[in-house]
Amino acid sequence: AQKVTQAQTEISVVEKEDVTLDCVYETRDTTYYLFWYKQPPSGELVFLIRRNSFDEQNEISGRYSWNFQKSTSSFNFTITASQVVDSAVYFCALSDPVYGNNRLAFGKGNQVVVIP
Amino acid sequence: GAVVSQHPSWVICKSGTSVKIECRSLDFQATTMFWYRQFPKQSLMLMATSNEGSKATYEQGVEKDKFLINHASLTLSTLTVTSAHPEDSSFYICSATDNSIYEQYFGPGTRLTVT
């Protein structure tokens, strides 16, 4: 069965500090996709990144960066120089095509609070 | 592109009544739509998967007679909460995919409050 673990529930940081969100996943399959979503207080999910299991390159997009390590089944997310607008809940998710129809398994989420 | 809308964005209803939530893919054909429920400070929990023209597949523990899902066209799926009770109060989110890539496009969610 799929499983996504985000251990830290709430993380508070002072503005301009970096914050790293850990995501550990479990799957028996070699082909899968990993995602990160941001959910601001409005509730709408904002897609941040999708990574397939064959692409282990790290990625940087502005202040966001992701570190994918297949050896440890982790897909961690770092926000550099955090800003108040980064305050939100961040979800890591796993899609395993074996289940068909692109079903997603979500982690419990990380509540990030950026203190001005 | 890949926009999914939900209507209404919020609804308040009395206990015992039914409420329908619509999910529409605006610029693509959604062969599959998903319905999630999210309680405060919790994660998204998949309720059901619906394929156009087929009966929905419900996750374990989700009452199919209470949460009626219809996916009659490639751009519209509806979730009807029948005989709603206060414990059904939640944030309901739909997503859609055209199965061409492994990604779901999420709607903005519907906040249901049952009084």
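Naming: A, B, ... by sequence-line order, numbering from 1 per chain.
Proximity to chain B (any heavy atom under 4.5 Å) is restricted, for A/F47, to the side chain, taken from C-beta onward. In this structure, chain B has no heavy atom under 4.5 Å from any part of A/E10. Contact of B/L46 with chain A is made through the side chain alone, with heavy-atom distances under 4.5 Å.
Annotation: B/K55, atom NZ; neighbour count of heavy atoms from other residues, nucleotides and ligands within 6.0 Å does not exceed 12. More than 12 heavy-atom neighbours from other residues, nucleotides or ligands sit within 6.0 angstrom of CD on B/E87. Counting non-hydrogen atoms of other residues, nucleotides and ligands closer than 6.0 Å to NZ of A/K70 gives a total above 12. No more than 12 heavy atoms of other residues, nucleotides or ligands lie within 6.0 Å of NZ in A/K108, so this atom counts as exposed by the packing criterion.
Side-chain contact between B/Y36 and A/L104 is present, with heavy atoms from C-beta onward closer than 4.5 Å. Side-chain atoms of B/F91 and A/Q39, non-hydrogen and from C-beta on, do get closer than 4.5 Å to each other.
In plain terms, the two heavy atoms of B/S43 and A/G107 that are nearest each other are OG-O, 2.6 Å. Pairing each heavy atom of B/Q38 with each of A/F91, the nearest pair is NE2-CZ, 3.5 Å.
At a threshold of 4.5 Å between side-chain heavy atoms, the hydrophobic network of Ile, Leu, Val, Met, Phe, Trp and Tyr places A/L48 and A/Y32 in one connected group. Linking Ile, Leu, Val, Met, Phe, Trp and Tyr residues whenever their side-chain heavy atoms come within less than 4.5 Å leaves A/F106 and B/M47 in two separate clusters. Each of B/L79 and B/L44 belongs to its own hydrophobic cluster when Ile, Leu, Val, Met, Phe, Trp and Tyr are linked at side-chain heavy-atom distances under 4.5 angstrom.
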Stepwise side-chain contact (heavy atoms from CB on, under 4.5 Å) test for A/R103 and B/F34: CA-CA 8 Å; A/R103 287 177 62 188; B/F34 302 87; 3.8 Å; yes
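Counting heavy-atom pairs under 4.5 Å between each of B/R111, B/E59, B/M45 and chain A puts B/E59 at the top.
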